Amino acid sequence: MLLSPGYRRLLLLCVLLGVPIALACFFFVGLQHQLQHWVWTSLPEAAGYDTPPWWWPLPALMLAGLILAPIVTRMPGAGGHLPVNGLGGPPVGPKALPGAVLAALATLPLGVVLGPEAPLMAVGSGLALLAVRRAGAGGDQRAGAILATAGSTAAISTILGGPVAAAVLLIEGAGLAGAQLVVLLLPCLLASATGSLVFTGFGQWTGLKIGALALPDLPPAANPDAGDFLWGIPTAALIAVLITLARELGHRTVTWTRRHTAVRTVACATAVGVCVAAYALITGRSPAEAALSGQAALAQLAADPHAWPVGALIALVACKGLAWGIALGSLRGGPIFPSLLLGTATAMACSGLPGFGVTPALALGVAAAAAAVTGLPLSSAVLAVLLTGGDAYDQMPLIVTASVVSFIVSQLVRRTEPEAAARASAGAAG
């Protein structure tokens with residue numbers, strides 16, 4: 001198959017598709033970033049505030065719910081996948097793509113506690129499937145599935161630091177092996193590499209901020225020692241429990257919003273705003289730290305962890321974690337970015353323990369949170385290695401250990417939840 005003319009044409013098409021997908025993702029992320037800056041920086045300054053006041057999330061999130069409700073109930077595709085289901089599911093087709101893009105651009109900048117990764121994957125798969133249909137190859141379902149996957153991988157590679165993390169995510173998430181894996185992996189690698197090159201180069205040419213996930217400033221390097229593992233393993237387990245409980249809240253929210261969807265979507269968005277406002281009231285800090293995807297707050301936390309008191313970190317985990325759990329089951333966006341901030345904040349809150357370093361805590365928090373939310377320990381370790389940059393070599397044993405521990409604990413927690421629910425139902429019936 002690899003040497004067949006049809007497969008070679010498929011590889012060429014993936015390279016060609018990487019360019020328009022990367023450009024579409026570039027303008028998508030750039031526009032989202034500009035809208036976010038306007039809502040949370042320019043508009044408060046125009047109103048006479050140095051930072052957004054504590055009540056700022058309340059009208060912003062209520063507006064997000066009012067915008068999202070008709071998209072979810074009336075537009076094809078219901079605004080995209082529910083984030084509580086992760087990044088899986090069938091590809092978003094061309095008919096559902098407008099709703100997914102509109103839901104993301106209209107609500108994420110208003111402070112929805114979700115990331116841009118799922119909408120970007122929808123852009124990639126939707127454009128790829130549209131190209132297949134325009135080329136008259138819509139009848140070839142296998143080629144369409146490969147191109148849709150390649151498009152999604154190219155799109156998400158633009159914000160995950162390049163094609164390597166996206167390719168590993170595909171390898172682990174697809175669950176394929178041998179020749180089947182190679183057949184799917186090669187198109188995704190080509191599309192991802194092309195898309196990442198165009199995305200980065202176009203960003204340098206235009207000067208627009210693209211908001212890719214990155215930690216440009218990190219704490220001083222420090223080798224992990226016995227104390228880091230002594231505290232790090234239970235911290236990774238704690239992160240897994242917190243992330244898994246928040247996802248369970250998301251599943252319960254899905255059940256609640258199935259009836260009276262429009263009204264309850266607005267109610268959930270408002271509840272998210274209340275959680276974010278509560279964080280600002282409790283800590284006296286900007287509500288923007290608890291709102292949005294957490295991408296900017298994660299970079300700030302990594303650059304200057306000592307600027308965050310332990311009480312503020314605990315409040316961030318509690319308020320943003322509750323808001324994230326509600327948003328997972330009712331709003332639209334990606335689940336990964338907020339979870340990384342929650343995991344890192346939890347680890348940083350524990351980094352003051354004797355023998356637990358700040359740099360190991362940062363690496364551990366990213367890996368543990370990613371493993372808990374994605375269920376992909378290898379991909380999570382690779383993502384943590386890429387984010388920690390030069391410090392990754394020394395932190396790799398702790399990163400891998402935290403990823404594995406978090407994955408196992410999250411699976412155990414998810415396994416016990418259905419059993420507890422079944423026992424409760426049996427008791428009520430008796």
Side-chain angles (χ1 to χ4, degrees), residues 13-14 16-29 31-32 64 67-109 112 114-135 137-160 166 169-170 173-174 184 187-188 191-192 195 199 250 254 257 261 265 293 327-337 373-374:
L13 182 58
C14 287
L16 298 177
L17 279 176
V19 176
I21 288 175
L23 291 176
C25 291
F26 176 85
F27 287 110
F28 176 92
V29 175
L31 179 57
Q32 181 207 332
I67 294 173
L68 183 61
I71 298 175
V72 170
T73 55
R74 298 179 181 274
M75 293 191 69
H81 299 310
L82 276 168
V84 74
N85 296 326
L87 298 179
V92 174
K95 290 184 178 179
L97 181 59
V101 172
L102 181 59
L105 288 179
T107 62
L108 291 182
V112 173
L114 294 168
E117 59 272 18
L120 280 176
M121 292 181 71
V123 170
S125 64
L127 291 179
L129 289 175
L130 180 62
V132 169
R133 294 178 185 178
R134 288 294 179 90
D140 190 346
Q141 295 183 353
R142 187 175 184 182
I146 291 177
L147 285 173
T149 305
S152 296
T153 311
I156 200 171
S157 72
T158 58
I159 57 169
L160 287 185
L169 187 71
L170 170 72
L184 182 58
C188 294
S192 298
F199 199 83
V254 171
T257 54
T261 302
T265 297
S293 68
L328 283 175
S330 57
L331 308 181
R332 298 297 185 270
I336 296 179
F337 283 20
V373 74
T374 64

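Values below: all heavy atoms of this structure, side chains included; hydrogens, waters and symmetry mates excluded. Here the structure is a predicted model, which means the values were calculated and not measured.
L127 has its side chain within reach of L97: a pair of non-hydrogen atoms, C-beta onward, lies under 4.5 Å apart. Side-chain contact between R332 and L82 is present, with at least one heavy-atom pair separated by less than 4.5 Å. A heavy-atom distance below 4.5 Å is not found between the side chains of P335 and V84.
Taken to the nearest 0.5 Å, the CG atom of L102 stands 9.0 Å off from the CG atom of L68. To the nearest 0.5 angstrom, I21 atom CD1 is 11.0 Å from L120 atom CG.
Here the closest non-hydrogen pair linking G126 and P94 is O-CG, 3.8 Å. Considering all non-hydrogen atoms of both residues, M121 and S152 come closest at O-OG, 3.2 Å. In terms of heavy-atom proximity, V123 sits nearest to C25 at CG1-SG, 4.3 Å. Of all non-hydrogen atoms in A128 and G151, the two that sit nearest each other are CB-CA, 4.4 Å. In terms of heavy-atom proximity, G79 sits nearest to A103 at O-CB, 3.9 Å. Between L328 and G250, the shortest heavy-atom distance links the atoms CB-CA, 4.1 Å.
Scored by the side-chain contact (heavy atoms from CB on, under 4.5 Å) test, S293 finds P116, Q295, F337 as partners (sequence neighbours excluded). By the side-chain contact (heavy atoms from CB on, under 4.5 Å) test, A96 is found to be paired with V92, residues two or more places apart in sequence or in another chain being considered. Not counting sequence neighbours, the partners of L105 by the side-chain contact (heavy atoms from CB on, under 4.5 Å) test are F28, L31, Q32, V101. Applying the side-chain contact (heavy atoms from CB on, under 4.5 Å) criterion to A100, with sequence neighbours excluded, gives A122.
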